[in-house]
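Quick notes on the structure that follows.
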Amino acid sequence: MSIRRALVVLAAAVLLPLTAACSADGGSPAATADPAASDEQAQETEDAGQAEEEWQGPLTAERVAERLAAELGTAGLGDQQQNTAMCSNEAAGGEPHESDCEQLVITGDVSLYEFATPRLARDWVSRHSGVQGADWRQAGRFALVWSGPEQEDVSEERRGQLTELVTGWAEDEDRP
């Protein structure tokens, strides 16, 4: 659950009992409620519902990049570049291989590799970690990699934040 959604749910849980308590003293809810606050609350609830619907469906590397940009701001993430041919024989025009990645999206902050299974992601991470100074981290069936010149300047704190977000989304995806 995203922080924003959790805050909206918390706000609704706090405001509803307060509204009921205020109207229980004989005053009408319309007379005691602040119309501006009601409009803001309705908009926040609607925004949370739209965000939830927007992220429905399978999680892909491209969708992870979009979610990271939405969560952290596009200026911080950098431009997205589809580069699946670098990690997939099939995408590069060759024969498919069982260890091909599903998708690779490169941004200024991180490269996002999507794999069919967490085991495949783990295999790639263990095989490529440290090669040419690259920092590989597994997040479910995804691997987050910092290897390019722009990416080398990403702080350890930011790398941890990105890994934590993607790991949470991947875990949410695995829940029924």
Side-chain angles (χ1 to χ4, degrees), residues 1-8 43-44 46-175:
M1 178 184 289
S2 73
I3 292 174
R4 182 176 176 190
R5 183 171 178 218
L7 290 174
V8 170
Q43 184 61 46
E44 286 176 1
E46 183 179 323
D47 288 348
Q50 287 174 347
E52 186 67 26
E53 287 176 19
E54 182 179 332
W55 304 122
Q56 295 289 329
L59 194 60
T60 64
E62 188 172 11
R63 187 165 257 169
V64 167
E66 291 167 359
R67 286 183 77 171
L68 287 171
E71 186 88 21
L72 305 170
T74 53
L77 194 60
D79 293 330
Q80 294 180 27
Q81 186 177 22
Q82 178 61 252
N83 226 344
T84 304
M86 288 183 61
C87 65
S88 169
N89 288 337
E90 184 176 18
E95 290 295 315
H97 190 272
E98 65 183 20
S99 65
D100 281 354
C101 76
E102 300 289 315
Q103 196 174 55
L104 168 59
V105 174
I106 299 174
T107 74
D109 264 14
V110 64
S111 297
L112 302 160
Y113 288 74
E114 174 192 355
F115 297 96
T117 66
R119 182 193 59 77
L120 228 93
R122 184 178 53 250
D123 290 350
W124 273 66
V125 168
S126 64
R127 188 174 342 137
H128 297 289
S129 282
V131 174
Q132 297 180 345
D135 180 8
W136 285 70
R137 299 181 188 188
Q138 183 181 357
R141 60 185 190 83
F142 296 88
L144 283 69
V145 183
W146 291 268
S147 61
E150 289 179 11
Q151 296 171 345
E152 290 174 357
D153 294 334
V154 175
S155 70
E156 178 61 35
E157 179 181 348
R158 174 72 161 197
R159 292 176 188 208
Q161 180 184 29
L162 295 171
T163 304
E164 184 178 322
L165 283 169
V166 177
T167 299
W169 296 332
E171 288 173 355
D172 287 347
E173 178 186 48
D174 289 340
R175 290 188 189 114

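All values derive from a computational prediction rather than experimental measurement. Atoms considered below: every heavy atom in the structure, side chains included; atoms not considered: hydrogens, waters and symmetry mates.
- Taking each heavy atom of Phe142 and Val166 in turn, the nearest pair found is CB-CG1, 4.1 Å.
- In this structure, Phe115 and Tyr113 have parallel ring planes: the angle between them is below the 30° cut-off, well short of the 60° mark.
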#### Entry: Leu104 vs Leu112, side-chain contact (heavy atoms from CB on, under 4.5 Å): CA-CA, chis, key distance, verdict
CA-CA 6 Å; Leu104 168 59; Leu112 302 160; 5.8 Å; no
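- Residues Gln80 and Glu66 approach most closely at NE2-N, 3.7 Å, considering heavy atoms.
- Panel note: side chain Glu90, backbone Cys101; no donor-acceptor pair is recorded below 3.5 Å.
- Between Gly140 and Ala121, the shortest heavy-atom distance links the atoms O-CB, 3.7 Å.
- With sequence neighbours excluded, the residues forming a side chain to side chain contact (heavy atoms under 4.5 Å, CB included) with Thr167 are Ala139, Thr163, Glu171, listed by chain and number.
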### Task
Take Glu156 and Arg137 through the test salt bridge (charged side-chain N to carboxylate O under 4.0 Å, His left out) and record every step on the way to the result.
CA-CA 12 Å; Glu156 178 61 35; Arg137 299 181 188 188; 2.9 Å; yes
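- No side-chain heavy atom of His128 sits less than 4.5 Å from a side-chain heavy atom of Val145.
- In this structure Glu95 satisfies the salt bridge (charged side-chain N to carboxylate O under 4.0 Å, His left out) test with no other residue, sequence neighbours excluded.
- Using a distance-only test at 3.5 Å, with no hydrogens or angles considered, no donor-acceptor pair links the side chain of Trp124 to the main chain of Gln138.
- With 3.5 Å as the limit, one finds a donor-acceptor pair spanning the side chains of Gln151 and Ser111.
- Using a 4.0 Å cut-off between a side-chain N of Lys or Arg and a carboxylate O of Asp or Glu, Glu102 and Arg63 do not qualify as a salt bridge.
- Contact detail for Val105 and Ala65: the closest heavy-atom pair is CG1-CB, 4.0 Å.
- Arg159 contributes a side-chain N or O that, together with a main-chain N or O of Val154, makes up a donor-acceptor pair within less than 3.5 Å.
- The closest donor-acceptor contact from the side chain of Glu114 to the backbone of Thr60 lies at 3.5 Å or more, if one exists at all.
- Without hydrogens or angle criteria, Trp136 side chain to Ser126 main chain gives no donor-acceptor distance under 3.5 Å.
- With sequence neighbours excluded, the residues that form a side chain to side chain donor-acceptor pair (under 3.5 Å) with Gln82 are Thr84.
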